[in-house]
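As structure tokens, the structure follows; a few thoughts come after it.
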Amino acid sequence: MTLLSYKERINFPTILIIFGATGDLMERKLLPAIFNLYQKKFLPEMFKMIGFSRSNMSEKEYRLWVKKNLSNKKGIRGFLSRVQYQSGLFENLASYKELGKKLGMVDEKYKICTNKLFYLAVPPNYYEEIFKNLYKSGLTRPCGPTEGWTRVLVEKPFGEDLEKAEKLDKLLAKLFKEEQIYRIDHYLAKETVSNLIVFRFANSIFGNIWNKDFIEKIEIRLLEKNGVEKRGLFYDMLGALRDVGQNHLLQMLALITMDMPSNFSAESIRNKKVEVLKSLPVFDLEALKKNTIRGQYQGYLSIPGVRQNSKKETYFKIKLELNHPHWKGVPVILESGKKMKKNLTEIKITFKIVKPCLFCYPFKKDVDKDSDFLVEQHKNTLTFRISPKEGILLSFHSKKPGYNFKIERRELSFFYEDYYKKSKILSEYDKLLIDAFRGDQTLFTSTQEIISSWRFIDPIIKGWEKNVVPLKIYKP
Ligand code: BG6
């Protein structure tokens, strides 16, 4: 990872080509991020964005679509002058030739071979076709070794199962060099998530206690009040475990359990993450029954795009143990669900009670009867809160002022919003785009990480598909 400031602009003529340019991801996350980068003058002076999608629109209509989907419109005219559109079918090579003409015209206008970033904001079943066509049409061929790089950026999930991920991986390796491939997991660009490395390795007080001897359990959850809403078709191809488990939750687990990298480079960090991901268990049917729960919220089946008899999970909870010398015996709980009571995304570490414990049993009788202080609660916890209020919380115990030794649970907390203005915090997609322009792969997942994650996820999904674990229907 470079330590250069994000203010530093990447001032080389660049074209960002977005596949799925009218889709949900573009509308909600990508477009606002690109426009924000434009407003803050982070984009190169010579910059174009070309939307590519199946929707049959003229360039003018696409600009109107862009305008409609941006709430803050400061500087919109200048931005729209950089927006172009190419309608076409992902499976049709001729559409790529048309796109090629547009790219060529921009190069001619700027009188240079521009950098080209191809962003696949489409469902995973299109990846293979798009990659092949990009390659066949020659669009991803760089102009030369030193000018006009080309890169491909691919959204999660990478593949739909282990076999498809491996196949896709082989294909990518054949068509592109690893340094051209950027596999997105936007969770890695969240402040609290990228802060995990700093928090763990820049604060020596935690170094010695970050293992099975001191940590009792690790819980990672991503609970959302929202349902699947307009994403029925996409979501029903995946289900919750592929949508957020294989990627976001496992990436957080990797960052929280990996050993210290030898240096602060993308390669070292990714290698350390791979080590723990490789130690994920492979569940057999018995383990699957014992350690997993899956559910679907009532009403899911009536969402447009969802199959009538769909058995896709919108909730799951999995208990696992890493087969890693530092983590043997420590339960890890992964949980995620849509239409939950509240929004809550966090990583919670519970520490063991160190024996002998002066304030556990002898003082139990002295504990204030009205307080709910129990031995079980006499455990320190450290929580990395990702949502709703990003921050870090450390629980501890303290003596209540008075004659008796009454013990209370208190918290040391740090919340981003208390220290930084919201406008200063970049969105995940802002950061990922800048890093991809810059060529920094730290916040992108490596092929080995992805394959190791699928090795764990695949047997679970296969078992669920055989109904080894019944699908429970829950009320939103
Ligand atoms: C996406 C999933 O990757 O992550 C969504 O496809 C999920 O289903 C989202 O809602 C959660 O991300 P965030 O940034 O909103 O916490």
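Just so you know, residue 1 is the first one in the sequence shown, and it goes up from there. Every number for a ligand or one of its atoms is a count from 1 in the order of the listing. Model, not experiment: these values are computed from the prediction.
Of all the listed residues (R231, E229, K156, E224), E224 holds the heavy atom that lies closest to atom 9 (C) of ligand 1. Remark: among candidates K190, E428, H248, the nearest residue to atom 4 (O) of ligand 1 is H248, based on non-hydrogen atoms.
A cation-pi arrangement, defined by a distance under 6.0 Å to the six-membered ring centre and an angle within 45 degrees of its axis, is present between K190 and Y187.
Taking the six-membered ring for Trp and the full ring otherwise, the centers of Y96 and F52 sit less than 6.0 Å from each other. Ring to ring, F456 and F283 are close: their centroids are under 6.0 angstrom apart.
Given atom 15 (O) of ligand 1, the protein heavy atom at minimum distance is K29 NZ, 3.7 Å. The protein atom (non-hydrogen) at minimum distance from atom 12 (O) of ligand 1 is H186 NE2, 3.3 Å. Scanning the protein for heavy atoms near atom 8 (O) of ligand 1, the closest one is D243 OD2, 2.6 Å. Atom 16 (O) of ligand 1 has its closest protein heavy atom at Y187 OH, 2.5 Å.
Not a single N or O atom of Y235, backbone or side chain, sits closer than 3.5 Å to an N or O atom of ligand 1.
Q180 and T150 form a side-chain donor-acceptor contact under 3.5 Å, judged by distance and modelled atom types alone.
When non-hydrogen atoms are compared, ligand 1 lies under 4.0 Å from neither the backbone nor the side chain of E155.
The aromatic rings of F118 and F19 sit tilted, their planes meeting at an angle between 30° and 60°. Ring-plane geometry between Y127 and F158 is classed as tilted, the angle between the planes lying from 30 to 60 degrees on a 0 to 90 degree scale. Using cut-offs of 30° and 60° for the angle between ring planes, the F35 and Y38 rings count as parallel.
Residue contact annotation: R28 has no non-hydrogen atom under 4.0 Å from ligand 1. Between T345 and ligand 1 there is no heavy-atom distance shorter than 4.0 Å.
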Start with the C-alpha distance between E449 and F444, add both sets of side-chain angles, then the distance that settles side-chain contact (heavy atoms from CB on, under 4.5 Å), and finish with yes or no. CA-CA 10 Å; E449 287 174 72; F444 297 86; over 6 Å; no
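Below 4.0 Å from some heavy atom of K338 lie the following atoms of ligand 1, by number and element: 5 (C), 7 (C), 8 (O), 10 (O).
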